Amino acid sequence: MTLMKLFPTPVEMVPLERLYLNHNLRAVRDPSRAFVYTNFIASLDGRIALECPRTGTAVVPGEIANPRDWRLFEELAAQADVLLTTGRYMRQLARGDAQAILPLSEEPAYQDLRDWRRAQGLAAQPAVVVLSASLDIPLMEPLIGRHGRVYIATGSDVDAARIGAIEAQGARVIVAGQGRRVRGQALIEALRGEGLNLIYSTAGPKVLATLLSDRVLDRLYLTQVHRVLGSESYDTLVEGQRLYPPADVQLHSLYYDAPGEASPGQLFASYAVTPL
Ligand SMILES: NC(=O)c1ccc[n+]([C@@H]2O[C@H](COP(=O)([O-])OP(=O)(O)OC[C@H]3O[C@@H](n4cnc5c(N)ncnc54)[C@H](OP(=O)(O)O)[C@@H]3O)[C@@H](O)[C@H]2O)c1
């Protein structure tokens, strides 16, 4: 399982396994601040999710999801102190419509990643933060059972009774923003206060908009599958207000995964977000 590394040069063949583990995020980050990263897979025409005809909810289309990309998604998760997810994902999980449970996977193929975490002295699973304005969040018990530390992040417009009800289930509430929405900087500061410094967003376009507009994202991992999907109803990378100024990024790494029997080929790119 090899790929062609195109950037940084020299161009050379590299193994897929450990590709993103070798980015070594825990070692390269500035210890005086958090490191926030995210990962998306998109079609050539920029679709990250399409409506599933069976359930009517948006999911990552099977035409682009693939095990090689998933391996890298898991390698990024293995390095995290905490995963960001959303109330919407929790509702999808409760209905049985979610694409997968949150990493780290317990499949044998990912045993090396679980071993890697243990060798680093990390908890078996990263902690989880669920961002939610609605606080309509079902199914917390299995999540707490698996990940241990679970936080619900919301805005200040939340009443004490609701906080009490959530905390009675074993999750902690983080108030990080005014009104009902979470603000990126307040969230990252609160997580640092909990000793959670490697922050991996597995969430979608609204959370990416929050992280970019509040200028807290450090790195974007983006897989671009060489396939055009079309469709009138779709999600793309960012959803929210126009960014003023726009967020610029610099290419950090680029790998070419050549077409195979089941795959049209794809590019694995990562970008460093340029600070203002
Ligand atoms: N292709 C990919 O790589 C990829 C990656 C991630 C997600 N996706 C897809 O993108 C779609 C949306 O995913 P998603 O729900 O994870 O992400 P999202 O669009 O970023 O977030 C949606 C939900 O998160 C909560 N939320 C987001 N930002 C918030 C903020 N600033 N403050 C408070 N709450 C906030 C809200 O929950 P409440 O409704 O509970 O208030 C909102 O409904 C899905 O179809 C998913 O499959 C694709």
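Just follow the structure's listing: the first ligand is 1, and inside any ligand the first atom is 1. Here the structure is a predicted model, which is why all the values come from computation and not from measurement. Because only heavy atoms are used, hydrogens play no part in the values below, and waters and symmetry mates are left out as well, while side chains stay in.
Side-chain contact of N66 with S263: a donor-acceptor pair under 3.5 Å is absent, judged by distance alone. Checked by atom type, the side-chain pair Q178/D157 shows no donor-acceptor distance below 3.5 Å. Side-chain contact annotation: R117 with Q120, donor-acceptor N/O pair under 3.5 Å absent.
Those atoms of ligand 1 that come under 4.0 Å of a heavy atom in V59, given as number and element, are 45 (O), 47 (O). Near P205, with a cut-off below 4.0 Å to any heavy atom, the atoms of ligand 1 are 10 (O), 12 (C), 18 (P), 19 (O), 20 (O). Every atom of ligand 1 with a heavy atom of R91 under 4.0 Å away is listed here by number and element: 38 (P), 39 (O), 40 (O). Remark: ligand 1 atoms within the under-4.0 Å shell around heavy atoms of A49 are 9 (C), 45 (O). The T202 neighbourhood of ligand 1 comprises atoms 6 (C), with distances under 4.0 Å to a heavy atom of that residue.
Side-chain rings of Y221 and H23 approach one another, their centers coming within less than 6.0 Å.
Scanning all protein heavy atoms for the shortest distance to atom 6 (C) of ligand 1 gives A203 O, 3.2 Å. Scanning all protein heavy atoms for the shortest distance to atom 4 (C) of ligand 1 gives F40 CD2, 3.8 Å. Nearest protein neighbour of atom 17 (O) of ligand 1, counting heavy atoms only, is G204 N, 2.9 Å. If you check which protein heavy atom lies closest to atom 29 (C) of ligand 1, you get R181 NH2, 3.1 Å. Closest to atom 45 (O) of ligand 1, if we only count protein heavy atoms, is A58 O, 2.9 Å. The protein atom (non-hydrogen) at minimum distance from atom 42 (C) of ligand 1 is K206 CD, 4.4 Å. Counting protein heavy atoms only, atom 11 (C) of ligand 1 is closest to D235 OD2, 3.5 Å. The closest protein non-hydrogen atom to atom 32 (N) of ligand 1 is V182 N, 2.8 Å.
The option with the heavy atom closest to atom 31 (N) of ligand 1, from among T210, L237, T236, is T210. Taking all heavy atoms of E51, R183, R88, R47 into account, the minimum distance to atom 12 (C) of ligand 1 is reached by R88.
The shortest heavy-atom contact between L16 and L72 is O-CD2, 3.8 Å.
Between D214 and R183, at least one side-chain nitrogen of the basic residue sits less than 4.0 Å from a carboxylate oxygen of the acidic one, meeting the salt-bridge criterion. Between D81 and R192 no salt bridge is recorded (no basic side-chain N to carboxylate O distance below 4.0 Å). By the 4.0 Å N-to-carboxylate-O rule, D159 lies too far from R162 to be salt-bridged with it. The pair R91-D97 does not count as a salt bridge, with every side-chain nitrogen at least 4.0 angstrom from each carboxylate oxygen. In this structure, D218 pairs ionically with R33, as a charged nitrogen and a carboxylate oxygen lie closer than 4.0 Å.
Contact analysis puts L131 in contact with ligand 1, with a non-hydrogen atom separation below 4.0 angstrom. Within the structure, ligand 1 lacks L208 among the residues with a heavy atom less than 4.0 angstrom away.
Remark: ligand 1 and I41 share an N or O pair separated by less than 3.5 Å (distance only, no angle test). Among the atoms of R180, none of the N or O lies under 3.5 angstrom from an N or O of ligand 1. Taking only nitrogen or oxygen atoms, main chain and side chain alike, I48 reaches within less than 3.5 Å of ligand 1. Close N/O approach between S134 and ligand 1 is found [any backbone or side-chain N/O within under 3.5 Å].
For the pair R47 and Y234, the cation-pi test (distance below 6.0 Å, angle within 45°) is passed.
The parts of V207 lying near ligand 1 are both backbone and side chain, judged by heavy-atom distances below 4.0 Å.
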Salt bridge (charged side-chain N to carboxylate O under 4.0 Å, His left out) assessment of E106 paired with R114
CA-CA 8 Å; E106 275 142 30; R114 296 192 294 275; over 6 Å; no
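Counting heavy-atom neighbours within 6.0 Å of Q169 CD, excluding the residue itself, gives a total above 12.
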